[in-house]
Amino acid sequence: MYTAHPDRYADLPYRRTGRSGLKLPALSLGLWHNFGPDRPVATQRAILRRAFDLGVTHFDLANNYGPPPGSAESALGDALRADFAPYRDELVISTKAGYLMWPGPYGEWGSRKYLLSSLDRSLARMGLEYVDVFYSHRPDPETPLEETMGALHSAVRQGKALYVGVSNYSPEQTREAARILGELGTPLLIHQPRYSLLDRRPESTGLLDALDELEVGSIAYSPLEQGLLTSRYLDGIPEDSRAAGDSPFLNSDAVTGELVARLRALDAIASDRGQSLAQMALAWVLRGGRVTSALVGASSPRQLEDSVAATGNLEFDADELARIDAVVKG
């Protein structure tokens, strides 16, 4: 029988999400990878237990996480029943809908029919009555935004979600989504964009500025750029790495000699800070408090511990930021 560590709230910082009453840990655990049937159940459970013991109370999913789609939610459901039933009120569990889940015209995108059907299936896989946050995973170019946001509002009204969010929305779409939800009476809680040292579109497009103005929280996914911002690629492409495989998110063509040189330069800056490259990359995303939480994956408890250690130093001086920008921007 699992018993949570009594000091689990002692060290990891928590940040208020926008203007809501919800606080999230500075690091959240994403179940995008490593929680499918190809991974040992014992390892999955060990990661989840260690996360909670370290104060990582937020577990982030989507209906299509696995692989195969749905398996991450099923894996979490098994773990909730086995280990976390006494701690449900201490957990923030989020899921999303937007990508393909079943055949036909009602199996993806942003219609009311798809979103609410998908949420019901997600709740069944996890064995939950509600999720804490339900997201529209991507904007639908053919469905009126009023319908998509209306479906999120209905999920809250039905008691199947406490809060709602959006992911991969542009600044303009985010402003309009927030307006519609505000008129319905269900505030937009959070936006989940891709954001890292190497991918700064939330800055360049004005998304972070929009979220500041709207007082909406943010949680960054891929802050380590699918593993690029770790020590794994400092000497090229390891044979067992994601880039060496058939991952649609990172391929070998992306790992150029120029990129490796930049990664080594960033690693030297991290070393001067007393951090690993991965720790500095996470700290950079969290610097200044504009981002509520950073989503990290983990293939082992040790990897998760290394990520959590990044929160011990989230401050950057002007010289460090300038050195990082010089490397990244050339």
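Hydrogens, waters and symmetry mates are skipped; everything else that's a heavy atom, side chains included, is used.
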> Between E73 and R121, is a salt bridge (Lys or Arg N to Asp or Glu O under 4.0 Å) present by the stated rule, with each step listed?
Replying inline: CA-CA 10 Å; E73 290 180 329; R121 293 190 184 198; over 6 Å; no
[X] side chain vs [Y] backbone, donor-acceptor pair below 3.5 Å:
X: S271; Y: D267; answer: no
X: E225; Y: L198; answer: no
X: R15; Y: L286; answer: yes
X: N64; Y: P69; answer: no
X: R194; Y: Y221; answer: no
X: N34; Y: A298; answer: yes
X: Q275; Y: A270; answer: no
X: Q279; Y: D306; answer: yes
X: Y87; Y: A4; answer: yes
X: Y65; Y: T95; answer: no

>> If you apply the rule side chain to side chain contact (heavy atoms under 4.5 Å, CB included), what do you find for T174 with L188, and how did you get there?
In response: CA-CA 9 Å; T174 302; L188 177 62; 4.0 Å; yes
>> Assess the residue pair E203 and R290 against the criterion (salt bridge (Lys or Arg N to Asp or Glu O under 4.0 Å)); give the C-alpha distance rounded to whole Å, side-chain angles, the decisive distance to 0.1 Å, and a yes or no.
In response: CA-CA 11 Å; E203 295 176 7; R290 296 187 80 186; over 6 Å; no
>> Taking R179 first and then E176, would you say they form a salt bridge - that is, a charged N and a carboxylate O separated by under 4.0 Å?
In response: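 Yes.
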>> Using the rule given for salt bridge (Lys or Arg N to Asp or Glu O under 4.0 Å), can you reason through D317 versus R273, listing the C-alpha separation, both sets of side-chain angles and the distance that settles it, and then say yes or no?
In response: CA-CA 10 Å; D317 61 35; R273 287 173 48 84; over 6 Å; no
Quick one: does [X]'s side chain get under 4.5 Å of [Y]'s, heavy atoms only?
X: L189; Y: V164; result: no
X: L128; Y: L123; result: yes
X: Q44; Y: D78; result: no
X: T205; Y: S170; result: no
X: R8; Y: E90; result: yes
X: L277; Y: L234; result: yes
X: L76; Y: F35; result: no
X: Y135; Y: I219; result: yes

Can you tell me how far apart [atom1] ([X]) and [atom2] ([Y]) are? Round to the nearest 0.5 Å.
X: Y233; Y: L259; atom1: OH; atom2: CG; value: 10.5 Å
X: T143; Y: M149; atom1: OG1; atom2: CE; value: 10.5 Å
X: N63; Y: S122; atom1: CG; atom2: OG; value: 5.0 Å
X: D7; Y: L54; atom1: CG; atom2: CG; value: 11.5 Å
X: Q303; Y: R50; atom1: CD; atom2: CZ; value: 14.0 Å
X: F84; Y: R45; atom1: CZ; atom2: CZ; value: 9.0 Å

Nearest atoms (heavy-atom pairs only) where [X] meets [Y]:
X: A151; Y: L115; result: CB-CD1, 3.9 Å
X: V308; Y: L12; result: CG1-CD1, 4.0 Å
X: H191; Y: L207; result: CE1-CD2, 3.7 Å
X: L197; Y: V328; result: O-CG1, 3.4 Å
X: P223; Y: A294; result: CG-CB, 4.4 Å
X: R138; Y: Y169; result: C-CE1, 3.6 Å

> Given the rule in the side chain to side chain contact (heavy atoms under 4.5 Å, CB included) test, do Q158 and L116 qualify, once you have shown the distances and angles that lead to the verdict?
Replying inline: CA-CA 10 Å; Q158 293 169 5; L116 295 180; 4.2 Å; yes
> Taking it one step at a time, do R200 and K329 satisfy side chain to side chain contact (heavy atoms under 4.5 Å, CB included)?
Replying inline: CA-CA 11 Å; R200 303 189 180 190; K329 298 178 181 180; 3.5 Å; yes
Does atom [atom1] of [X] have more than 12 heavy-atom neighbours from other groups under 6.0 Å away?
X: D209; atom1: CG; answer: yes
X: R201; atom1: CZ; answer: no
X: R302; atom1: CZ; answer: no
X: R287; atom1: CZ; answer: yes

> How far apart are the C-alpha atoms of I190 and V133, what are their side-chain angles, what is the distance that settles it, and do they pass the side chain to side chain contact (heavy atoms under 4.5 Å, CB included) test?
Replying inline: CA-CA 9 Å; I190 196 166; V133 188; 4.1 Å; yes
For a quick test of your reading: what N or O donor-acceptor pairs under 3.5 Å do the side chains of residues 17-29 make, sequence neighbours left out?
unit_1 : atom_1 : unit_2 : atom_2 : d
T17    : OG1    : L22    : O      : 2.9
R19    : NH1    : L214   : O      : 2.6
S20    : OG     : T17    : O      : 2.7
S20    : OG     : L22    : N      : 3.0
S28    : OG     : H58    : ND1    : 2.9
S28    : OG     : S293   : OG     : 2.7

> Does R323 count as lying over the ring of F316, i.e. NZ or CZ under 6.0 Å from the six-ring centre, within 45 degrees of the axis?
Replying inline: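 Because its charged atom misses either the 6.0 Å distance or the 45° angle limit, R323 does not stack over F316.
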> What orientation do Y9 and F52 show, parallel under 30°, tilted 30 to 60°, or perpendicular over 60°?
Replying inline: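 Y9 vs F52 ring planes: perpendicular.
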>> Can you tell me how the ring of W284 sits relative to the ring of Y195, calling it parallel under 30°, perpendicular over 60° and tilted otherwise?
In response: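 Tilted, since the angle between the ring planes falls between 30° and 60°.
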> Pairs in or reaching into residues 95-128: which pass ring-ring contact (aromatic ring centres under 6.0 Å, His included), with residues at least two apart or in two chains?
Replying inline: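 Sorted result for residues 95-128: Y99-H137, W102-Y114.
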>> Hydrophobic clusters here meaning ILVMFWY residues chained together by side-chain heavy-atom distances under 4.5 Å, can you tell me if L229 and L321 are in one?
In response: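 Yes, because L229 and L321 connect within a single hydrophobic cluster, where side-chain heavy atoms sit under 4.5 Å apart.
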